[in-house]
Amino acid sequence: MEPQQGNGYGSEAGGDQGGEHPLLAMLNAEQKQAVLHTEGPVLVLAGAGSGKTRVITHRIAWLISELGVFPWQILAMTFTNKAAGEMRERVAHAVGDSASQLWLGTFHSVGVRLLRQLAGYVGLQPTFSIYDTDDQQRVIVRVMKALGVSEATHKPKMFASYIDRAKNRCMGPHDPRLKELAVSAFDKKALSVYQAYEKEMRLANAVDFGDLIMLPAQALASDPNVCHNLAQRFRYVLVDEFQDTNFAQFELLKYLTSVHGNLCVVGDDDQSIYSWRGAEVGNILGFPKMFDGAEVIKLERNYRSTETILRASTAVVSRNTTRHGKVLWTDRGLGDPITLHVAASDRDEADWVARQIDRRQHETSLGEFAVFYRTNACSRVLEDSLRRFRLPYVLIGGMKFYERAEVKDALAWCRLLVNQDDSAAWMRAVGSPRRGIGDTTIEAVQKHASQIERSLPAAAQDLVRLGGAGRAAEKLKTFHDLVERLREEIEPMRADQAGARILEASGLKKALQEDKDPDAADRLENLQQLLAAMGEHADSADDPGLRSFLETVALVSDVDKLSDAQARVSLMTMHSAKGLEFDVAFVVGLEEGLLPHANVLGGTAEREADPRDLEEERRLFYVAMTRARKKLHLSHARLRRRFDGREMPSEPSRFLQAVPRDLVQIDDAGHGFRSASSWGSSWGQPARSSSSAAPARPTWGAPAGPGNRAAQATGAWSTGNPLAGRGTAHHDDDVPAIDRSEGEAGFQVGGKALHVRFGTGKILDIAGYGGEAQLTVQFPGVGIKKIVARFLKPA
DNA sequence: GACGTGGCCGTTTTT
DNA sequence: CGGCCACGTC
């Protein structure tokens, strides 16, 4: 993830003469200091691309190989599983196999591991389930109904966010502080929802994401002995992306380091972009105060980007008032100018991105291109364009594999088998496949469950015993017996064996096989993929069992699927981009309302504009810009299609004003390049340039500098009328026509395709690109099926 | 109890 | 425009 540090760097950086330890030889003076200062609290303020991953991995390696610390005495926490994996790999490179014994993972995965051991302290069984936001939402809705809180007046989301916020601050449902704070009518209601919610969660032996941090912290708070033992066991604790930790995480860290205080945190206040989910920049800003005598080390040398990119991004983020203030520098040279493209529409913008990538793909591998945008919804146009240009891509975010209905059904069965009290899983499993148990029965079970204060599965069984389940009793009993039998059967199995057995015995597989829906074949294949994932897990993980598989599934993030091996363009939100880097980056949709997002601009009755939110949006832009190594493209469109289909005029983002004009080449919709030698300092003012013929435009009014082609902006957009550009500049000559007659990998409409189960069939249609393309195939004796290309072979 | 259709609502970012 | 939910029919 982090780059190899620059050419010739080793020899020129501060005094690493020959004979120095190999772990230190590649480090500059500050990095070295961060590695060697092992005892006590250390704060490393690491600018973007300053080699912080290198510092962490070398520090771990140093502790193990030089100080003789056992790997299991080291606890390191990262932001994503991908980062953790890479870190482990790099440590293994230096110290060998023992790296596998490191406690290294995301905060949440470490939280689970701790909680499995500490479950008893907080009233959980070690088999507890992890509810995702969907399950969480359902519980909230149920609780709201029970409390008589109308869904019309209060959205479940508001309570979810209340609960999250409380947990991020380490406040349980009966925390006296919450009671004190509950003065408004909403807060009072929210608190009662929180309390009822928590009760349901405990009955179901389930936890949510917030619990994974809060509960271990509370367990350690409740028992000084356990806390002491644990803090003694972990002699060294390291935290990456510290600027994005919340209060509860900080609390947990304090407990874990209470014996020795050997805590090394690495972060960048300029890259703090998660305050909305509870991150406290105060953690990093106040670290030296919290940990007395903390060593503060600044890493200001950037090894990633060109000077142009560095200067531009620094200029942007410097406009923020609340920051530590670092001065990043590089000796890489200016490199390519930043390109600013002004597109007529979002569609044109996407086509422009695709065209740029298409033109450069011979010099730069497709895996080195990334496109960043503010909201997930922006990905759609980009996908369309990339498909039309036949450029393969990975979409990070969006609809995930584990969110598909059939996969969730299968996982619900798995969860119910592991945790017999998992109410959410029970609700899902009992109705899939259909077995004649419907809403009426489920409601009766829910009612009974709250009466006897048990989980849904337990209440269902009790209801049957009491004979109160009516005509559904027999069905409930059959279901229950099946689950019990299956639970026993899969107990000793590996995850994939168990999975296969579950798909069989639950009837999920059979139901899909008999399904007439053309998409059924795909769903079946997805289940096959799920089994494959289980097999992979069973082969590689310490614990090959189903429970351990479910745990990893609950905590995977989408960036984890990014692999360096794939030559594909990466598409993701600016948030997902953090921690990654690419040779060429496109930051698109730089428009008022998108970045900064309309929701932070205020103007709506709901919320006042908060300058801190605006600063966070600016940091988001900074993060996106600093992902680029060699070339940065920025763009905005003058018209953007909204979700309802209407095209709305949009203004360039205010953040663009801060980009120094001498670093930017403007590429306007009229195909021309104009170097922005005299960039206007604010919108609506003609640039201060000696050039005469500058049309007075409200935006991007830089007049032509000397020596430029296509000196004048043409037509629509020199008039300053944002609507005038409609329908122009579609660059049809550059866009390959949509051609569905011939797909990738040898598929062809009219040709044949081979499927493992359905045999050979005739291809009727191809939609999409590459492995994800949807093929409509007619199989003799089977019928017409829609199947994703990767499940087919050309025949 | 299962399944189909129409209306409505919505998009910030995610472990 | 598209996904989700509520309501209606079989």
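The chains referred to below are lettered A, B, ... by the order of the sequence lines, with proteins before strands, and numbering in each begins at 1.
Between A:Ile130 and A:Arg415, the closest heavy-atom pair is O-NH1, 4.2 Å. A:Glu406 and A:Asn526 make their closest contact through OE2-ND2, 2.9 Å (heavy atoms, listed as atom of the first residue, atom of the second, distance). When all heavy atoms are compared, the tightest approach of A:Ser570 to A:Met572 is CB-CE, 3.7 Å.
Put simply, A:Lys155 has a side-chain N or O that comes within less than 4.0 Å of OP1 or OP2 on B:dG10. The phosphate of B:dT15 has neither OP1 nor OP2 within less than 4.0 Å of any side-chain N or O from A:Ser109. Look at A:Asn376 and you'll find a side-chain N or O under 4.0 angstrom from OP1 or OP2 of B:dT14. One finds no side-chain N or O of A:Ser576 lying less than 4.0 angstrom from the OP1 or OP2 phosphate oxygen of B:dT13. At B:dT14, none of the side-chain N or O atoms of A:Arg277 fall inside 4.0 Å of OP1 or OP2 (strictly under the cut-off).
The nearest whole Å value for the distance from the CG atom in A:Leu212 to the P atom in B:dT14 is 19 Å. For the pair A:Leu601 CG and B:dT12 C1', the interatomic distance rounds to 12 Å; values are reported in whole Å. Between the NZ atom of A:Lys82 and the C1' atom of B:dT15 there is a distance of 17 Å, rounded to whole Å. In this entry the distance linking CG of A:Asn246 with C1' of B:dT13 reads 16 Å, nearest Å. A straight line from CG of A:Leu594 to P of B:dT12 spans 11 Å, rounded to a whole angstrom. Counting to the nearest Å, the P atom of B:dT11 and the CE atom of A:Met648 are 18 Å from each other. The CD1-C1' distance, from A:Ile273 to B:dT15, rounds to 13 Å in whole Å. Between A:Arg640 atom CZ and B:dT11 atom C1' the separation is 13 Å, expressed in whole Å.
Taking the six-membered ring for Trp, A:Tyr131 and A:Tyr197 have ring centres at least 6.0 Å apart.
Aromatic ring orientation, A:Phe621 versus A:Phe655: parallel (interplanar angle below 30°, classes split at 30° and 60°). Aromatic ring orientation, A:His154 versus A:Phe159: tilted (interplanar angle from 30° to 60°).
With sequence neighbours excluded, the residues that form a side chain to side chain contact (heavy atoms under 4.5 Å, CB included) with A:Asp132 are A:Asp134, A:Asp135, A:Lys408. Every side chain to side chain contact (heavy atoms under 4.5 Å, CB included) that A:Ala46 has, sequence neighbours left out, goes to A:Val44, A:Ser50, A:Lys52, A:Val266, A:Leu299.
The side chain of A:Tyr274 lies closest to B:dT14 when the candidates are B:dT14, B:dT15, B:dT12. Nearest nucleotide to the A:His597 side chain, out of B:dT12, B:dT14, B:dA2: B:dT12. The A:His575 side chain lies nearest to B:dT14 when the options are B:dT14, B:dC3, B:dT15. Between B:dT13, B:dC3, B:dG10, one nucleotide has an atom nearer to the side chain of A:Arg374 than all others, and that is B:dT13. Closest to the side chain of A:Trp276, out of B:dG1, B:dT11, B:dT14, is B:dT14. Nearest to the side chain of A:Thr133, among B:dT14, B:dT15, B:dT12, sits B:dT15.
Between A:Ile437 and A:Asp164, the residue anchored closer to the 5' end of DNA chain B is A:Ile437, taking for each the nucleotide with the nearest heavy atom.
Of the C1' atoms belonging to C:dC4 and B:dT13, the separation is 22 Å, rounded to the nearest Å.
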What protein N or O atoms touch nucleotides 1-10 of chain C N or O atoms at under 3.5 angstrom, if any, and at what distances?
residue: C:dC1; atom: O2; partner: A:Phe643; partner atom: O; Å: 3.4

